[in-house]
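What follows is a single structure, written as structure tokens, with notes after it.
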Amino acid sequence: MKKNFILLAALVLLIIANVNAQDKTLSKQDSSTVKESNYWQFFKKNLSLTVDARMDFTHLGYQDDMNGVYNSDQRFQFSDFRIGMSGMLNKNFGFNFLYSPNASGLGENNISDDILYANITYLSDNGHWFFQAGKGFLNVGTAEQYYDPNDVYTYSIIGNNLGVYKTGVTVQYNTTSGQSFGAQVVNGVADTLGNQMNMEYNLYWYGFIVKDKINTFASVTTINDKSDLATSTPYTVNLGLQWMLGDFIIDTDYAVAKNMPNFYDNALYQSAPIKVMYNGKKFKPYIKYIYNNVRFDDPNYEISMDNGTVQDIEDANVHTIEVALQYYPIEGKNLRFHLVGSYTTDANIMYGTPENNYPDSRQHYNAQFQVMAGVRIGFDALKGW
């Protein structure tokens with residue numbers, strides 16, 4: 001991981017130096033090279049190098065198993081850290097690269113799991129058709145998944161576990177009014193050795209019912225499970241509405257999943273997060289409620305615990321309430337101070353997460369009791385803050 005980070009830093013410095021050198025060189029060129037000069041101006045104008053990070057002092061209280069043992073954990077940590085690069089090669093072709101040093105190992109797509117995005121895009125002249133090839137975001141149909149991870153402190157079980165960084169292809173159609181409809185074919189399930197065995201198919205709609213008032217998110221995802229890794233066909237359905245009501249933004253989501261990777265087999269998961277936020281210029285406090293339900297088809301489903309015991313699980317309801325105070329001291333800038341607290345009615349929320357924690361999921365830890373106090377900053381290193 002250290003080697004990857006060093007190589008990325010070297011690449012970034014090389015690009016910055018090259019762009020600056022091009023500016024100096026092009027300023028001395030005659031009219032015969034005006035076209036090349038215009039190209040580099042276009043390239044520089046559309047090139048972004050973003051840094052986005054959140055650091056928290058975190059206090060966690062949780063049960064690591066079902067024998068009643070309660071643990072407490074306090075630490076300073078980077079909850080999320082990302083370096084991104086994107087640009088346009090011409091008016092149609094572009095690229096995206098996003099690096100996050102929070103995972104290790106070689107992913108099933110044959111690149112490091114630290115690399116979240118590595119893709120090439122194409123946008124038609126009329127702006128209606130969009131294509132993408134490479135690793136990127138699985139377009140999940142909830143507001144919770146659509147937010148930048150630095151803006152989400154506590155995910156629902158489905159939002160936290162569902163794989164969202166996938167390698168494959170995307171085809172999207174954008175209407176004149178601003179609605180987007182798309183389809184994706186990406187890597188689905190890998191066996192214990194990391195061999196790719198099945199493909200995952202996703203249909204999505206990002207749009208609105210009333211423009212700038214009621215935004216919509218919807219997706220249906222399934223896996224062609226030819227290798228029978230699950231007891232029945234894996235699927236997930238995600239639906240979300242975002243209500244813009246004056247100074248308030250209200251997110252209402254519903255998600256259901258069964259037999260998807262990073263979930264227990266033969267169990268139906270349901271998540272319904274609801275968030276109400278005051279969207280002030282500097283203060284953006286909110287309250288969020290999450291309902292999670294896990295229902296196993298087998299009433300005597302057994303889960304082996306770390307302490308060697310076996311626990312029977314049939315139906316579990318988990319309620320989470322979260323309150324966040326957010327302050328943006330400089331209007332229009334991505335600098336935020338926050339104090340967040342959450343409480344979950346069931347400390348055994350870990351039964352929502354099986355032994356494998358796939359690196360393409362959100363990987364945020366959910367505890368019974370959490371307090372986070374920290375700062376988040378994001379900026380473009382090329383265009384300035």
Side-chain angles (χ1 to χ4, degrees), residues 108 116 135-147 149 152 154-172 180-190 196-207 216-242 251-274 290-297 301 315-318 320 349 351-364 366:
E108 64 187 38
L116 305 181
K135 188 174 184 181
F137 180 66
L138 184 74
N139 292 315
V140 182
T142 59
E144 183 184 55
Q145 292 276 26
Y146 194 74
Y147 282 112
V152 183
T154 304
Y155 279 95
S156 63
I157 289 182
I158 294 180
N160 191 50
N161 294 7
L162 189 66
V164 293
Y165 304 112
K166 297 287 189 177
T167 299
V169 295
T170 299
V171 178
Q172 178 177 298
S180 296
F181 302 89
Q184 296 174 290
V185 181
V186 299
N187 291 342
V189 179
Q196 182 61 38
M197 303 184 70
N198 300 305
M199 302 305 294
E200 186 168 332
Y201 303 89
N202 183 50
L203 298 175
Y204 64 91
W205 166 39
Y206 288 167
T216 57
F217 308 88
S219 67
V220 178
T221 312
T222 187
I223 294 177
N224 187 17
D225 191 23
K226 293 182 178 180
S227 51
D228 295 327
L229 295 178
T231 55
S232 60
T233 301
Y235 71 89
T236 179
V237 178
N238 292 267
L239 303 170
L241 290 175
Q242 184 179 71
D251 299 329
T252 55
D253 294 332
Y254 173 75
V256 58
K258 189 169 185 179
N259 295 341
M260 293 293 289
N262 210 33
F263 294 88
Y264 283 113
D265 185 41
N266 213 23
L268 182 70
Y269 290 77
Q270 298 181 84
S271 293
I274 300 173
I290 307 173
Y291 170 71
N292 292 298
N293 173 263
V294 185
R295 183 175 303 164
F296 292 87
D297 294 343
Y301 193 91
D315 187 49
N317 295 293
V318 182
T320 298
I349 196 171
Y351 55 51
T353 306
E355 292 78 7
N356 296 323
N357 196 324
Y358 284 75
D360 62 1
S361 65
R362 291 299 188 185
Q363 298 192 81
H364 282 220
N366 292 341

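When a residue number appears, it is its place in the shown sequence, counting from 1.
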In terms of the angle between their ring planes, are F296 and Y264 parallel, tilted or perpendicular, with boundaries placed at 30° and 60°?
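Aromatic pair F296/Y264 classed tilted.
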I'd like to check the side-chain hydrogen bond (donor to acceptor under 3.5 Å, both in side chains) partners of T221; sequence neighbours left out, ordered by chain and number.
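Residues passing side-chain hydrogen bond (donor to acceptor under 3.5 Å, both in side chains) with T221: N202.
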Tell me whether [X] contacts the main-chain N or O of [Y] through its side chain, where contact means a donor paired with an acceptor under 3.5 Å.
| X | Y | value |
| --- | --- | --- |
| T252 | L241 | yes |
| N266 | D297 | no |
| D265 | T231 | yes |
| Q172 | F181 | no |
| T236 | V256 | yes |
| Q184 | F137 | yes |
| N238 | V220 | no |
| S219 | G141 | yes |
| D253 | I274 | no |
| N262 | L162 | no |

Audit row: N139, Y206, side chain to side chain contact (heavy atoms under 4.5 Å, CB included) steps and yes/no:
CA-CA 9 Å; N139 292 315; Y206 288 167; 3.4 Å; yes
Any chance you could measure [X], atom [atom1], to [Y], atom [atom2], to the nearest 0.5 Å?
| X | Y | atom1 | atom2 | value |
| --- | --- | --- | --- | --- |
| Y165 | L116 | OH | CG | 5.5 Å |
| I290 | S156 | CD1 | OG | 6.0 Å |
| Y235 | D225 | OH | CG | 14.0 Å |

Distance-minimising heavy-atom pair for [X] and [Y]:
| X | Y | answer |
| --- | --- | --- |
| A267 | K258 | O-CG, 3.4 Å |
| G159 | E144 | CA-OE1, 3.8 Å |
| A255 | I158 | O-CD1, 3.3 Å |
| L203 | A183 | CD2-CB, 3.6 Å |

We want to know whether N224 and N198 form a side-chain donor-acceptor pair, criterion being a heavy-atom distance below 3.5 angstrom.
no
For a quick check under 3.5 Å, do N317 and Y291 share a side-chain donor-acceptor pair by atom type?
yes
Checking S232 against N259 for the side chain to side chain donor-acceptor pair (under 3.5 Å) test, could you report, in this order, the C-alpha distance in whole Å, the side-chain angles of both residues, the deciding distance, and whether it holds?
CA-CA 7 Å; S232 60; N259 295 341; 2.7 Å; yes
Would N187 and M199 count as a side chain to side chain contact (heavy atoms under 4.5 Å, CB included) if you check the C-alpha gap in whole Å, the side-chain angles of each, and the deciding distance to 0.1 Å?
CA-CA 5 Å; N187 291 342; M199 302 305 294; 4.0 Å; yes
[X] side chain near [Y] side chain, heavy-atom distance below 4.5 Å:
| X | Y | answer |
| --- | --- | --- |
| T170 | Y204 | yes |
| E200 | T222 | no |
| F217 | Q242 | yes |
| Q270 | Y254 | yes |
| W205 | T216 | yes |

I'd like to know whether Y155 forms a side chain to side chain donor-acceptor pair (under 3.5 Å) with Q145, so could you lay out the CA-CA distance, the side-chain angles of the two residues, the decisive distance to 0.1 Å, and finally the verdict.
CA-CA 9 Å; Y155 279 95; Q145 292 276 26; 5.2 Å; no
Run N161 and Y269 through side chain to side chain contact (heavy atoms under 4.5 Å, CB included) and show every step you take.
CA-CA 11 Å; N161 294 7; Y269 290 77; 5.6 Å; no
